[in-house]
Participant: 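Starting off with a structure, shown below.
Counting starts at 1 for both ligands and their atoms, in listed order. Just so you know, these numbers come straight off a predicted model, no measurement behind them.
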Amino acid sequence: GTTQPTALVIFGIAGSLSRRKLLPAIYDLANRGLLPPDFFLIGMDRPTAEHTDFVLPMLDAVTTHARTPLRERTWRWLRDRFRFIPGDFGQETPFIALKETIASAERRNGIPAHHVYYLSTPPSCYAPVAEQLRRHGLADARGGARSLLIAEKPFGYDLASARALATALRRAFPGGRILCTDHYLGKEALRNITALRFGNTVFEPLWNRRHVDHVQITLAEDEGIGGRAEYYDGAGAARDTMQNHLMQLLALTAMDEPRTFDHDTVSAEKTKVLRAVRLPSDLDTYAVRGQYTRGRQHAAPVPGYQQEEGVAPGSTTETFAALKVEIDNQRWAGVPFYLRTGKRLRQRVTEISLVFKNAPTAFTGESHRNPPNVLSLQVQPRQGVELRFGVKVPGSTTDIQDVTMGFDYGESTLPPVPGEYESLIADVLRGDTTLFPSRPEIEHSWRIIDAAREHWSRRGRPEPYAPGTWGPAAAERMLRSDGRAWLRSG
Ligand code: BG6
């Protein structure tokens with residue numbers, strides 16, 4: 001744990017991210033004794049008819065969504081450190097109340113607290129909230145305490161707007177640090193990637209174009225867009241999960257070893273590799289988008305994207321995106337990275353797979369087939385590492401058969417895996433920002449996504465695909481054009 005008092009302020013505490021992820025994660029941290037002793041939590045939002053102090057909705061959020069079971073003692077500890085400030089982010093009054101609340105807690109503790117401001121609001125509120133913080137003298141770090149502003153994705157909707165937002169936030173919040181979260185970087189199986197690569201001797205020597213044929217990164221969901229049309233219809237898959245999550249998975253997979261594992265050094269390596277990412281010239285083949293149709297999934301009828309409530313009639317928003325990228329550097333030249341993401345696909349799975357080159361041997365067995373070795377980092381729902389290789393089928397045959405060797409967190413004797421927001425919030429409270437993407441990373445990711453979207457904007461509609469499949473046929477064709485296939489397909 002840490003001993004520094006910390007004020008964590010959540011703007012938009014009544015919103016769904018806060019209820020489903022942030023508050024449960026804070027409770028889980030409290031349950032594990034990982035919050036500082038002088039921690040206090042402040043929530044600001046518009047008041048609703050549901051409550052006056054947000055205590056009951058918070059209890060409900062914790063009971064429903066926390067990873068660890070509700071313990072009366074932990075709950076009381078947290079509730080005693082919580083204060084709700086009703087108000088509109090555009091008004092002065094709630095910020096005056098915020099200032100007083102923090103000041104009186106600091107007087108009680110006798111030292112200034114770290115200020116951590118979490119923007120769990122629509123992006124349009126980011127700059128106005130930051131501006132209010134500055135005007136009320138809440139943005140500056142004082143007396144050795146840190147002042148941090150955390151923005152949730154989406155951070156902009158293209159490169160230009162991301163730059164404008166960063167500039168606006170910097171202007172409004174000059175004294176402190178500004179972070180943007182990518183909750184995938186909180187996922188344990190992904191946090192393991194640097195340890196796997198650089199803390200072992202057997203993997204890194206193979207991690208390059210000499211041995212790797214290509215890399216596949218899949219972030220697939222079986223759910224549709226749920227009730228989020230208002231946001232999603234203006235975003236689409238490329239902006240929603242490719243610009244951020246997939247690009248971060250790519251960066252962590254492909255980067256060189258950072259000299260040290262602090263934020264700036266890691267970020268410099270990630271930026272270097274993202275800067276080297278290049279799209280192929282034939283984007284008709286290598287930039288694919290799709291949209292799910294009406295159909296059946298897990299044996300139940302499901303509406304098509306066009307029928308989802310709130311989707312604009314005739315919407316061309318993509319719910320699936322696949323992209324081939326190449327990385328122009330010594331390590332990866334000529335090794336394609338295939339990325340895909342989408343809603344209403346066959347199953348929920350996120351994984352990074354390195355597919356190795358075929359063994360340079362005459363031993364192909366009776367099957368005349370040498371299945372490639374595959375190393376998969378499984379992010380979810382299974383969390384672990386899997387290595388696929390060939391063994392000789394027992395008996396008097398030389399046939400080769402694929403087998404897998406695996407590590408699974410759930411089946412191991414390791415401590416339980418914390419939730420992603422639990423890890424990220426714990427990092428922030430310790431002052432460790434290593435796993436937050438930096439501004440150049442975000443901007444290079446936008447550069448890539450903008451180029452793909454620019455191409456699509458000059459084409460017709462996204463290709464329809466049936467729910468419960470692996471997306472549109474063009475995504476299969478994309479790999480077939482290169483003589484390859486997705487590891488999960490059909
Ligand atoms: C979010 C996207 O960033 O990530 C959602 O906005 C998506 O559309 C979600 O469903 C997936 O995250 P996870 O952690 O459930 O895989």
Participant: Are F436 and H263 an aromatic pair by the rule of ring centers under 6.0 Å?
Facilitator: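 Aromatic pair excluded; centres sit 6.0 Å or further apart.
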
Participant: Return the residue, atom name and 0.1 Å-rounded distance of the protein heavy atom closest to atom 15 (O) of ligand 1.
Facilitator: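 Checked against all protein heavy atoms, atom 15 (O) of ligand 1 sits closest to R348 NH1, 3.3 Å.
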
Participant: Compute the shortest N/O to N/O distance between Y232 and ligand 1 and return yes if it is under 3.5 Å, no if not.
Facilitator: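 No, there is no polar N/O contact under 3.5 Å.
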
Participant: Answer yes if the side chains of E308 and Y292 hold a donor-acceptor pair under 3.5 Å, and no otherwise.
Facilitator: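 Distance-only check passes for E308 and Y292.
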
Participant: With a cut-off of 4.0 Å, which atoms of ligand 1 are near a heavy atom of K343?
Facilitator: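 Those qualifying, in numeric order: 5 (C), 7 (C), 8 (O), 10 (O).
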
Participant: N/O to N/O below 3.5 Å, does that happen between K153 and ligand 1?
Facilitator: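 N/O-N/O distance below 3.5 Å exists for this pair.
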
Participant: Any chance the side chains of E152 and T181 put a donor and an acceptor closer than 3.5 Å?
Facilitator: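 Judged by distance alone, the side chains do pair up.
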
Participant: Classify the side-chain pair R488/T218 by whether it contains a donor and acceptor separated by less than 3.5 Å.
Facilitator: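 No, because no side-chain N or O of R488 sits under 3.5 Å from a partner of the opposite role on T218.
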
Participant: Considering only non-hydrogen protein atoms, determine which one is nearest to atom 6 (O) of ligand 1 and report residue, atom name and distance to 0.1 Å.
Facilitator: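 Among all protein heavy atoms, the one nearest atom 6 (O) of ligand 1 is D240 OD1, 2.6 Å.
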
Participant: Between the candidates E221, H245, K187, R239, which shows the shortest non-hydrogen contact distance to atom 14 (O) of ligand 1?
Facilitator: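 The residue whose heavy atom sits nearest atom 14 (O) of ligand 1 is K187.
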
Participant: Just let me know how R228 lines up against ligand 1, side chain, backbone, both or neither, with a heavy-atom cut-off below 4.0 Å.
Facilitator: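 Side chain only; the backbone of R228 stays clear of ligand 1.
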
Participant: Among K187, R20, R67, R191, which one satisfies salt bridge (charged side-chain N to carboxylate O under 4.0 Å, His left out) with E420?
Facilitator: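 Single pass found, and it is K187.
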
Participant: Quiz question: by atom type and distance under 3.5 Å, do the side chains of S161 and D158 form a donor-acceptor pair?
Facilitator: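 Checked: S161/D158 side chains pair up, N/O donor to acceptor below 3.5 Å.
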
Participant: Looking at Q380, which atoms of ligand 1 are within less than 4.0 Å of one of its heavy atoms?
Facilitator: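 It comes down to these atoms of ligand 1: 13 (P), 16 (O).
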
Participant: How close does the nearest protein non-hydrogen atom get to atom 16 (O) of ligand 1, and which residue and atom is it?
Facilitator: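 The protein heavy atom lying closest is Y184 OH, 2.4 Å.
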
Participant: For the ring pair (Phe, Tyr, Trp, His ring centres under 6.0 Å) test, which of F337, W332, Y338 pairs with H214?
Facilitator: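 Of the listed residues F337, W332, Y338, the ring pair (Phe, Tyr, Trp, His ring centres under 6.0 Å) partner of H214 is Y338.
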
Participant: If you measure every N or O of H183 against every N or O of ligand 1, does any of those distances drop under 3.5 Å?
Facilitator: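 Among all N and O atoms of H183, at least one is under 3.5 Å from an N or O of ligand 1.
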
